[in-house]
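Here the structure comes first, spelled out in structure tokens, and everything after it is commentary.
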Amino acid sequence: MKLTALGTGGGVPSLYRGLPAFALERNGEVFLFDCGEGTQFRIMRSHIKPGRLEKIFISHFHGDHVLGLTGLLMTLSQFSREKPLELYAPPGMKEFMDNMKKHLNFRLDYELIIHEVTGGEIYKSKEYSIYAMPLSHIIFNLGYKIEEAERPGRFYPEKAIELGIKPGPLFKKLQDGHPVTLPNGNIVYPGQVMGPPRKGRKVVYATDTNPMSEMVDFAKEADLLMHDGMFSGDDDVMAIERGHSSVKDAARIAKEANVKKLLLIHISPRYSDGEMLLAKAKEIFPNTIIAKDYMTLEIPYED
Ligand SMILES: [Zn+2]
Ligand SMILES: [Zn+2]
């Protein structure tokens, strides 16, 4: 998986930070988290291929998270997109899109499938599941999590050979989890030649939220936690009143959830000095990065 930060600011855009939008690539698919104003232009400036967009996740109906959506969807239609696009958002998205279509008098030449969600497991395939969780903001807002299924354990060819299996299709059969019967009648089971199942990766997107104890569970041992870090932590009252977190709050959650990496996002335009914010968070959680527009992050497997 690879994350590209397309817009790392919040509230209003600045010369240095666009409005929230994060693209996550996985096996040729692209997931987009939020779609602030200017996102389609930012996609063009990045290596992300708009045609690869599979799913868009909108956190909430504040303009800084959603004003780029209509333009992006219209442009995809101009690009002759044919495959359907899945859009996940809080309730209200169907009405929002209907109004947009009516007032701007456009239609999309591909199918836009809108899922209005409020939490829980919102998607499941053999390869991964997606979850949503209500956050603590001034309006209804969702955090999202992508969690990959376990992968088969490591295959040890030398063990298989020792047990009388010849390299070739039977290796594949064992790797796929099926037992193999040898000419002498002995049966070799996958567990004899493979290690234990290996963990998949987990990525969490949580912005525009007060710090929440529930987030510790939601983000437990995530490979990457993208978390609201709008304030420095020196002005806690303002962060709470506006439904946001400080970089220190984000770092505390990352530490308690034992995540591998914390990415601070939704940085307020008031802070031109990202290094100062980063230093504050690192005191609590050293493996912190402050998001910058167009930065990319690889999210590797643990083993
Ligand atoms: Zn926001
Ligand atoms: Zn908001």
Side-chain angles (χ1 to χ4, degrees), residues 3-24 31-43 56-72 87-93 95-97 116-119 132-145 203-212 214-215 218-219 225-233 235-250 253 262-272 274 277 281 290-295:
L3 182 81
T4 302
L6 297 168
T8 62
V12 293
S14 70
L15 280 177
Y16 311 102
R17 294 185 188 279
L19 293 171
F22 294 84
L24 183 68
F31 305 137
L32 182 68
F33 295 93
D34 277 334
C35 195
E37 193 185 330
T39 297
Q40 57 169 326
F41 175 69
R42 290 168 168 271
I43 289 176
I56 300 179
F57 302 91
I58 299 294
S59 61
H60 64 304
F61 285 99
H62 273 157
D64 55 334
H65 296 256
V66 80
L67 279 174
L69 184 61
T70 315
L72 174 63
L87 174 60
Y88 296 82
M93 182 51 85
E95 194 190 344
F96 176 84
M97 283 315 304
E116 293 187 339
V117 295
T118 53
M133 182 174 81
L135 303 180
S136 169
H137 194 40
I138 47 184
I139 62 166
F140 186 75
N141 182 18
L142 291 167
Y144 293 99
K145 167 166 69 175
V203 174
V204 174
Y205 178 73
T207 192
D208 290 38
T209 182
N210 284 147
M212 297 170 76
E214 294 89 334
M215 186 55 67
F218 193 67
L225 168 62
M226 297 176 252
H227 198 284
D228 184 331
M230 195 169 190
F231 290 88
S232 67
D235 37 22
D236 285 345
V237 178
M238 193 142 66
I240 299 290
E241 273 174 4
R242 297 191 184 177
H244 286 283
S245 299
S246 73
V247 294
K248 291 181 188 171
D249 295 325
I253 286 167
L262 168 65
L263 183 69
L264 299 169
I265 58 171
H266 207 279
I267 308 302
S268 166
R270 73 173 60 207
Y271 303 112
S272 53
L277 295 174
I290 188 156
K292 292 195 174 92
D293 285 15
Y294 301 111
M295 81 169 2

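Whatever order the structure lists ligands and atoms in, that order sets their numbers, starting from 1. Please read all numbers here as calculations on a predicted model, not as lab measurements.
A cation-pi arrangement is absent between Lys145 and Tyr205 under the rule of less than 6.0 angstrom and at most 45 degrees off the ring axis.
Note on His137: its N/O/S atom closest to the Zn ion (ligand 2) is NE2. Asp64 contributes OD2 as its N, O or S atom closest to the Zn ion (ligand 1). The atom of His62 that is an N, O or S and sits closest to the Zn ion (ligand 2) is ND1. Looking at His266, its N, O or S atom nearest to the Zn ion (ligand 1) turns out to be NE2.
Taking 2.8 Å as the criterion, His244 does not count as a coordinating residue of the Zn ion (ligand 1), since none of its N, O or S atoms falls below it.
In this structure, OD2 of Asp208 and NE2 of His65 enclose an angle of 80° at the Zn ion (ligand 1), rounded to 10°.
For Asp228 and His266, the side-chain atoms include no donor-acceptor pair closer than 3.5 Å. Of the N and O atoms on the side chains of Thr8 and Asp293, at least one donor lies less than 3.5 Å from an acceptor on the other residue.
Using bins of under 30°, 30° to 60° and over 60° for the plane-to-plane angle, the ring pair Phe33/Tyr144 lands in the tilted bin. Using the six-membered ring where Trp is involved, His62 and His137 have ring planes that are perpendicular, over 60° apart on the 30 and 60° scheme.
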